Amino acid sequence: MAPRYWWARPLLLSCALMAALAAGPTVLAEGIVFHVKNRCPFPVWPASAPNTAHPVLAGGGFFLPPGRAKRVAAPATWTGRFWARTGCNFTANGMGDAAACLTGDCEGRLACNGSVGSPPATLVEVILHEDQSKGSSYDVSLVDGYNLPVAVSTKLATGAGSKCAIAGCAKDVNAVCPPELQVTAAAGGGARTVVACKSACLAFGLDAFCCRGAYATPAACRGSVYSRLFKGACPAYYSYAYDTTAATASGCYAQEYVVTFCPNRWGEDPADRVAHI
């Protein structure tokens with residue numbers, strides 16, 4: 001099976017989630033709620049994009065201040081992805097004709113309305129099933145790069161040992177990103193700061209890094225020094241297209257799921273207040 005890159009094939013999921021989707025959709029019963037939380041010490045602009053024939057959630061994007069959360073309703077059989085945008089300024093780009101965000105931008109829009117964000121950005125891939133015998137599946141991918149850490153779980157299954165909990169990162173990838181993968185932005189006083197870290201595939205476009213051509217099988221595409229850097233920082237995430245050590249939460253059944261940006265050591269708000277936005 002060919003690997004997924006969201007900038008090249010924007011509506012395909014990783015190999016593990018494609019296998020779950022092959023079982024087919026189930027009958028829609030009750031809706032699902034995602035609790036999207038921001039524990040970063042700065043604002044983020046979460047975004048989502050559905051797979052083909054699935055609806056756009058919450059307009060596809062919204063503003064979320066530090067320490068706040070937003071409830072996002074979804075059909076019980078929704079599939080798609082979530083990511084966070086950073087450093088956005090939509091006031092200066094009201095016409096949507098240029099990038100408004102430093103990372104994860106979707107054609108300069110606040111409400112992405114189904115548009116896929118620009119990599120690099122940490123990507124949460126989701127397949128929901130209402131049928132309890134199948135359960136829902138999700139993973140976190142750095143196949144096209146990283147901008148923020150994220151944790152995903154059902155509302156009740158947040159412990160590290162739960163099969164339905166995908167933990168955040170042990171360290172900030174941006175802090176250890178090599179110069180050739182860095183995406184930087186002005187930080188004042190002539191200095192620049194790293195705001196995202198590209199994958200080797202995105203940075204260099206080589207088949208060996210992109211798991212394509214002669215490297216388009218798990219046996220031939222075995223990662224690189226760059227994917228190992230990602231894996232060392234974020235062990236639970238997909239570090240390249242055929243990463244067999246990544247954590248895929250599968251067989252998870254719940255009415256409520258939690259997506260938390262900057263889940264640890266980034267800031268704190270124990271109340272996790274729900275934002276009225």
Side-chain angles (χ1 to χ4, degrees), residues 5-7 36-47 64-68 81-89 99-105 117-125 139-153 158 160 165-205 209-210 223-241 243 245-247 258-269:
Y5 293 96
W6 65 324
W7 52 269
V36 181
K37 300 182 177 183
N38 178 17
R39 287 187 176 168
C40 305
F42 46 80
V44 298
W45 289 259
L64 198 57
R68 304 296 292 271
R81 76 233 12 232
F82 290 94
W83 70 97
R85 295 166 290 172
T86 63
C88 299
N89 183 352
C101 302
L102 295 179
T103 69
D105 187 77
S118 300
T122 310
L123 183 66
V124 178
E125 302 174 311
D139 66 41
V140 179
S141 175
L142 303 182
V143 170
D144 296 307
Y146 165 102
N147 66 341
L148 288 178
V150 60
V152 191
S153 69
T158 57
I166 298 178
C169 298
K171 62 181 74 172
D172 180 9
V173 174
N174 290 340
V176 296
C177 185
E180 60 270 29
L181 303 184
Q182 291 177 1
V183 176
T184 64
R192 298 190 69 81
T193 186
V194 179
V195 295
C197 190
K198 299 177 183 178
S199 68
C201 175
L202 183 63
F204 307 120
F209 292 139
C210 297
S224 66
V225 63
Y226 297 111
S227 65
R228 287 189 285 275
L229 180 148
F230 282 5
K231 178 60 65 174
C234 308
Y237 299 177
Y238 275 85
S239 60
Y240 69 102
D243 183 357
T245 65
V258 182
V259 177
T260 306
F261 295 106
C262 303
N264 46 330
R265 296 200 301 272
W266 282 80
E268 55 186 357
D269 184 351

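None of these values were measured; they are calculated from a predicted model.
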Task: Pairs flagged by salt bridge (Lys or Arg N to Asp or Glu O under 4.0 Å) wherever residues 224-236 is involved - sequence neighbours left out - done: Lys231-Asp243
So which of [options] actually passes side-chain contact (heavy atoms from CB on, under 4.5 Å) with [X]?
{"X": "Phe261", "options": "Asn147, Leu64, Val150, Thr122", "result": "Val150"}
{"X": "Tyr146", "options": "Ser141, Ser199, Cys234", "result": "Cys234"}
{"X": "Val259", "options": "Val140, Ile166, Val152", "result": "Val152"}

TODO: Using atom types as modelled and distance alone, determine if a side-chain donor or acceptor of Asn38 lies under 3.5 Å from a backbone N or O of Arg68.
DONE: no
Open item on the list: Among residues at least two apart in sequence or on other chains, which ones pass side-chain contact (heavy atoms from CB on, under 4.5 Å) with Pro43?
Closed with: Trp45, Phe63, Pro66
- [ ] Return the set of residues passing side-chain contact (heavy atoms from CB on, under 4.5 Å) with Ala151 (not counting sequence neighbours), or none when no residue passes.
- [x] Pro263
- [ ] Answer yes if the side chains of Tyr226 and Glu180 hold a donor-acceptor pair under 3.5 Å, and no otherwise.
- [x] yes
Task: Worked check of side-chain contact (heavy atoms from CB on, under 4.5 Å) between Cys210 and Phe204 - done: CA-CA 9 Å; Cys210 297; Phe204 307 120; over 6 Å; no
Task: Residue list, side chain to side chain donor-acceptor pair (under 3.5 Å) with Thr86, at least two apart or on another chain - done: Thr103
To the nearest 0.5 Å, what is the distance between [atom1] on [X] and [atom2] on [Y]?
{"X": "Ser227", "Y": "Tyr240", "atom1": "OG", "atom2": "OH", "value": "6.5 Å"}
{"X": "Arg85", "Y": "Leu148", "atom1": "CZ", "atom2": "CG", "value": "12.5 Å"}
{"X": "Thr245", "Y": "Tyr238", "atom1": "OG1", "atom2": "OH", "value": "9.0 Å"}
{"X": "Thr260", "Y": "Arg39", "atom1": "OG1", "atom2": "CZ", "value": "5.5 Å"}

Open item on the list: For a side-chain contact (heavy atoms from CB on, under 4.5 Å) check, start with the C-alpha distance between Ser239 and Leu142, then their side-chain angles and the critical distance, and finish with the verdict.
Closed with: CA-CA 5 Å; Ser239 60; Leu142 303 182; 5.6 Å; no
TODO: Tell me, please, which residues at least two apart from Tyr237 pass ring-ring contact (aromatic ring centres under 6.0 Å, His included).
DONE: none
Under 3.5 Å, which donor-acceptor pairs link side chains of residues 182-196 to any protein atom two or more places apart or in another chain?
| unit_1 | atom_1 | unit_2 | atom_2 | d |
| --- | --- | --- | --- | --- |
| Gln182 | NE2 | Cys177 | O | 2.8 |
| Thr184 | OG1 | Arg192 | NE | 2.9 |
| Arg192 | NH2 | Thr184 | O | 3.1 |

